[in-house]
There are 2 protein chains.
Amino acid sequence: MTDRSYSISQLASEFGITTRTIRFYEEKGLIHPRRQGQKRVYSAGDRVRIKLILRGKRIGMSLQESVEVIDLYDPAHNNRGQLHSLIRTVQDKRERLLRQKRDIEDMLAGLDEVQALCEQGLENAD
Amino acid sequence: MTDRSYSISQLASEFGITTRTIRFYEEKGLIHPRRQGQKRVYSAGDRVRIKLILRGKRIGMSLQESVEVIDLYDPAHNNRGQLHSLIRTVQDKRERLLRQKRDIEDMLAGLDEVQALCEQGLENAD
DNA sequence: ACCATAGTTTACGTTAACGTAAACGTAGGC
DNA sequence: GCCTACGTTTACGTTAACGTAAACTATGGT
């Protein structure tokens, strides 16, 4: 199906990051591309992982936190018997995200006020 | 009105940070407490600034970015004549925040799925 | 044969945001 | 008079997340 593969520079330019960054992520164990000779070849899954890592970064997660979340989706990491602790982990993540969401909404509300004042200032200037 | 004042350790314990952190913020010009002798005395305004800085941090802003946003609220920095560029700045901040909000909502949706799978797993185990 | 392009490894450099420690001042309590 | 708590300055250390540079390999084109 989605068995496309990508070179390192393809992904770098797609995501607006450097190849150094992608190799760094591998060095840190965040991704595991396969090799053709000595060249790295990235699968669709590798690509998604990078995408999710960058999403995490945008909302202020560390790389480690991002992969923690990503690996929640990964059935391989979800050994049964730890379902309860996994649910607690999910709950923790959710609470933090909800707080971040509130923070963002508060900040947006503040910006609304500022903008209103600006536009008022412009009217007066006319 | 809110002319209370605070010691450095009061604010540190209230916000769960160290005094070192607060002095560091001053060193970087983020806050400007007044002095009594050589001791720092923080006003209600100083306290709010710290609170807003920490809010920024929670959503992944750098300290510099946080004060940028905070200073948007500050009329002292809003010299008229730059209203247009200020509005553009506000718009930029808003777009980024909206994207972060989408990222968070996506991640929350992902967590919902994981949790559903977990609970399903628990039912089967009963 | 030669060059440009894309890839590789190895290693040192850099920035932000503090932590940690030393060495000292000062005010209150016993 | 001494200890304790709280404050100060100065300075070096630390971690994360890459940047930058050097030196090399592999390959397709002319």
Side-chain angles (χ1 to χ4, degrees), chain A residues 4-43 46-47 49-71 93 96 100 103 107, chain B residues 4-43 46-47 49-71 93 96 100 103 107:
Chain A
R4 258 203 75 180
S5 61
Y6 308 83
S7 77
I8 192 167
S9 53
Q10 273 176 351
L11 291 184
S13 84
E14 174 179 357
F15 291 123
I17 57 182
T18 67
T19 60
R20 174 70 177 93
T21 297
I22 295 180
R23 289 195 198 96
F24 176 75
Y25 289 168
E26 180 179 352
E27 195 181 319
K28 289 283 159 176
L30 310 186
I31 42 181
H32 310 282
R34 63 178 211 278
R35 301 275 180 143
Q36 271 178 10
Q38 75 166 357
K39 297 195 175 179
R40 294 168 173 84
V41 179
Y42 297 86
S43 70
D46 294 327
R47 181 175 163 280
R49 270 185 90 82
I50 296 179
K51 196 169 189 169
L52 294 182
I53 292 169
L54 297 177
R55 184 183 70 181
K57 279 195 57 179
R58 283 197 299 273
I59 62 173
M61 289 185 162
S62 72
L63 298 181
Q64 294 307 325
E65 276 179 293
S66 281
V67 291
E68 243 181 79
V69 172
I70 292 170
D71 287 343
K93 301 290 180 192
R96 176 171 161 191
Q100 285 186 267
D103 285 330
M107 211 171 288
Chain B
R4 258 202 76 180
S5 62
Y6 308 83
S7 77
I8 192 169
S9 52
Q10 272 175 352
L11 291 184
S13 83
E14 174 179 357
F15 292 124
I17 58 181
T18 68
T19 59
R20 174 69 177 94
T21 298
I22 296 180
R23 288 194 200 95
F24 176 75
Y25 289 169
E26 180 179 351
E27 194 180 320
K28 288 284 159 175
L30 310 186
I31 42 181
H32 311 282
R34 63 177 211 279
R35 300 274 178 141
Q36 272 178 7
Q38 76 168 355
K39 297 195 174 177
R40 293 166 172 86
V41 177
Y42 297 86
S43 70
D46 294 326
R47 182 175 161 280
R49 270 184 91 83
I50 296 180
K51 195 170 190 170
L52 294 181
I53 291 169
L54 297 177
R55 184 183 71 182
K57 279 196 56 178
R58 283 198 300 274
I59 62 172
M61 289 186 161
S62 73
L63 299 181
Q64 294 306 326
E65 276 179 295
S66 281
V67 291
E68 243 182 80
V69 172
I70 292 170
D71 287 344
K93 300 292 180 191
R96 177 170 160 193
Q100 285 186 266
D103 285 331
M107 210 171 289

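Letters A, B, ... mirror the listed sequences (proteins, then strands); counts begin at 1.
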Are B/F24 and B/L63 side-chain neighbours, meaning at least one heavy-atom pair lies under 4.5 Å?
yes
Angle of first-five versus last-five pair axes in the helix from C/dA1-D/dT30 to C/dC30-D/dG1, to 10 degrees
10°
Flag side-chain contact, heavy atom, 4.5 Å: B/R35 against B/V41
no
Side chains of B/V67 and B/K28, heavy atoms from C-beta outward: is any pair under 4.5 Å?
no
When you measure from the side chain of B/E65 to the backbone of B/G56, do you find a donor-acceptor pair of N or O atoms at a distance under 3.5 Å?
no
Using a strict 4.0 Å threshold on nitrogen-to-oxygen distance, state whether A/R34 and A/E26 make a salt bridge.
no
Should the pair B/R58-A/D103 be classified as a salt bridge under the 4.0 Å nitrogen-to-oxygen rule?
yes
Kindly indicate whether the side chain of B/I31, heavy atoms from C-beta on, has any atom under 4.5 Å from the side chain of B/I22.
yes
Using the closest heavy atom to pick a nucleotide of DNA chain D for each, name whichever of A/M61 or B/E27 lands nearer the 5' end.
B/E27
Position toward the 5' end of DNA chain C (nearest nucleotide), B/R20 or B/L63:
B/L63
Quick check: closest heavy atoms across A/L30 and A/R49, and the distance to 0.1 Å?
O-NE, 2.8 Å
I'd like to check A/E14 versus A/Q10 (side-chain heavy atoms, cut-off strictly below 4.5 Å). Are they in contact?
no
How would you give the extent of chain B contacts on DNA chain D, as first and last nucleotide 5' to 3' within a 4.0 Å heavy-atom cut-off?
D/dC6 to D/dA11
Contact string for nucleotides 3-8 of chain C, one letter per nucleotide 5' to 3', B = base within protein heavy-atom range under 4.0 Å, S = sugar-phosphate only, - = neither, reads ---SSB
Just so I know, are the side chains of B/R47 and B/Y42 near enough to count as touching, which here means a heavy-atom distance under 4.5 Å?
no
